[in-house]
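Scope of the values below: all heavy atoms of this structure, side chains included, with no hydrogens, waters or symmetry mates. Each chain gets a letter, A, B and so on, in the order its sequence line appears, and its residues count up from 1. This structure is a prediction, so every number in the text was calculated from the model and none was measured.
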There are 2 protein chains.
Amino acid sequence: MAFTSVWLREPRKPGGPGRSREEIVAAAVELLDEEGLDGLSMRKLGARLSAGATSLYWYVATKDELLELAYDQVWGEMTVADPDKVGWRDAVSVLAHSMRQVMLRHPWLADLLGRLPALGPNALHVADRMRRMFKVAGFRGSDVDFAGATLTAYVFGMTTPEIAWNSAMGETGDDTEEMRATVRRAVAEFPEMIEGVDMNARADPRAMRELSFDFGLVSVLDGLERRLTT
Amino acid sequence: MAFTSVWLREPRKPGGPGRSREEIVAAAVELLDEEGLDGLSMRKLGARLSAGATSLYWYVATKDELLELAYDQVWGEMTVADPDKVGWRDAVSVLAHSMRQVMLRHPWLADLLGRLPALGPNALHVADRMRRMFKVAGFRGSDVDFAGATLTAYVFGMTTPEIAWNSAMGETGDDTEEMRATVRRAVAEFPEMIEGVDMNARADPRAMRELSFDFGLVSVLDGLERRLTT
DNA sequence: ACCTGAACACCGTTCAAGT
DNA sequence: ACCTGAACACCGTTCAAGT
């Protein structure tokens with residue numbers, strides 16, 4: 001009914017007997033990394049902690065709360081540089097690359113971003129530092145938020161399809177050759193698309209994605225920088 | 001095992017007795033619009049077509065195939081302008097706004113983007129035309145794809161959180177006042193964030209999101225344009 | 001060719017009951 | 001304070017059987 005989040009209510013007092021929140025979250029992240037979002041069920045997580053499936057409900061009101069916790073946990077892996085030392089453009093750039101790497105390391109993140117509120121301490125810390133970066137750059141007022149939203153939208157939007165591609169490939173094995181043939185067939189009636197598929201035929205897809213990410217990131221940063229000079 | 005998609009195999013010959021694929025897809029989109037991704041189950045969709053839950057498996061191999069069909073269906077709602085007539089920047093801009101509107105109209109799209117392959121005719125048509133736009137702009141080689149990826153990443157990444165916000169608000173009712181208070185509490189230790197929350201306190205959130213989207217879109221377009229002048 | 005119902009192996013969550 | 005098992009109301013998908 002009301003807007004809720006794990007972070008908006010008091011947690012169980014830690015330090016008692018029984019499992020700790022950290023233990024549970026760590027196990028959840030493990031399971032998510034191994035089996036993906038669909039692989040995480042309360043029963044499986046319970047088993048991994050050698051507990052009954054429903055014991056978890058003592059620590060967590062709902063599965064979504066558990067996901068919020070796991071979510072914030074990995075936000076802690078982001079690298080935030082100090083814009084006063086390295087300059088805002090480098091700081092933002094490092095953060096963007098770091099966000100991408102964390103997402104690639106935890107592919108289930110893509111499914112959660114934008115679906116869950118990001119009010120955990122780690123997520124807030126990153127957001128706080130990012131605001132700082134754009135203020136150092138010279139943005140003022142709402143533009144600070146707009147710039148931040150633009151940057152994260154880009155990174156998130158660029159990395160999500162990359163993850164999907166990875167996992168599609170992971171399941172298929174690396175028969176890139178055969179699948180390119182089928183894609184070419186699907187694309188047969190679209191002249192521009194044929195050109196695109198053919199052009200990328202002999203490129204290394206992994207390297208290509210790095211190039212693409214950097215191309216877009218530079219574009220976004222240039223475009224943001226332009227907002228400052230008027 | 002192998003990489004699959006509805007679009008890569010022959011459909012049931014249409015025109016026979018029984019339900020048509022269009023009928024089923026239309027019902028699926030309806031149900032998705034009304035109840036969201038979690039609201040669509042094979043049983044509910046079957047009921048809506050006054051059929052047994054499992055009858056659908058005659059037309060569709062799996063639920064994901066059904067989603068692929070619904071997915072491509074709404075790609076058909078995108079507005080694609082002719083860059084030779086209106087210029088590449090306007091054409092891209094119109095497409096970007098259109099993508100956002102379609103996503104807001106079908107919030108479940110956000111959950112599917114990047115999760116499913118987009119090999120349907122409507123999605124390919126849009127991609128084809130977008131490639132055209134960036135070629136008219138002057139991009140060559142892989143840069144055409146990079147520019148397209150950047151643009152769609154931005155729109156997708158920007159609109160996904162907007163949808164999440166909308167649905168969170170939809171469930172809560174519009175007690176924006178109370179929830180801003182709780183957010184402020186969560187954010188208490190992060191000085192930059194406090195400023196951000198306070199600043200936006202009396203702004204109309206809906207108008208704010210339009211502004212934010214346009215700010216970012218102009219930035220992305222400026223940044224892309226800059227790639228052309230070197 | 002098309003549709004059905006029963007069945008299988010799962011889910012998240014509640015709750016009374018145990019220690 | 002913490003944990004359990006049984007139970008409820010769901011899932012997607014398979015398959016033998018019907019018309």
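- Atom-to-atom, CD of A:Glu65 to C1' of C:dT13 comes out at 13 Å; the value is rounded to the nearest Å.
- The distance from atom CZ of B:Arg48 to atom CD of B:Glu30, rounded to the nearest 0.5 Å, is 5.0 Å.
- Within the 4.0 angstrom heavy-atom criterion, no nucleotide atom of any strand lies near A:Leu49.
- The backbone N or O of A:Arg19 sits less than 3.5 Å from a side-chain atom of A:Tyr59, completing a donor-acceptor pair.
- Within the shown strands, D:dC2 is the pairing partner of C:dG18 under the Watson-Crick or G-U definition, both distances less than 3.5 Å.
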**Message:** Set out, in order, the CA-CA distance, both residues' side-chain angles and the distance that settles ring-ring contact (aromatic ring centres under 6.0 Å, His included) for A:Phe156 and B:Phe156, then state yes or no.
**Reply:** CA-CA 9 Å; A:Phe156 168 31; B:Phe156 168 32; 5.7 Å; yes

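- Atom NZ in A:Lys44 sits roughly 10 Å away from atom C1' in C:dC10 (whole-Å rounding).
- Straight-line distance from the CE atom of B:Met42 to the C1' atom of C:dT4: 15 Å, rounded to whole Å.
- Across all strands shown, C:dC8 forms a Watson-Crick or G-U wobble pair with D:dG12, both key distances being under 3.5 Å.
- Here the C1' atom of nucleotide C:dT14 and the CZ atom of A:Arg43 are 12 Å apart, to the nearest Å.
- Nearest to the side-chain atoms of A:Thr54 among the listed nucleotides C:dC15, D:dA1, C:dC2 stands C:dC15.
- Rounded to whole angstrom, the span from the CG atom of B:Asp64 across to the C1' atom of D:dC11 amounts to 14 Å.
- One finds no salt bridge joining A:Glu34 and A:Lys44 here, because no Lys/Arg side-chain nitrogen approaches an Asp/Glu carboxylate oxygen to under 4.0 Å.
- Closest contact between the side chain of B:Ser55 and the listed nucleotides C:dC3, D:dA1, D:dT4 involves C:dC3.
- Protein atom CH2 of A:Trp58 is 14 Å distant from nucleotide atom C1' of C:dC15, rounded to whole Å.
- Here C:dT4 presents its C1' atom at 15 Å from OH of B:Tyr57, a figure rounded to the nearest Å.
- Under a 4.0 Å N-O distance rule, the pair A:Arg105/A:Asp33 does not qualify as a salt bridge.
- What separates CZ of B:Arg21 from P of C:dA1 is a distance of 17 Å, to the nearest Å.
- A:Ala51 comes within 4.0 angstrom of sugar-phosphate atoms only, judged by non-hydrogen atoms across all strands, and of no base.
- Here B:Ser41 lies in heavy-atom contact (under 4.0 Å) with sugar-phosphate atoms only.
- Residue-level contact check: B:Arg19 touches the backbone only, with heavy atoms under 4.0 Å from sugar-phosphate atoms and none from bases.
- Using a 4.0 Å heavy-atom criterion, one finds that B:Leu45 contacts no nucleic acid atom at all.
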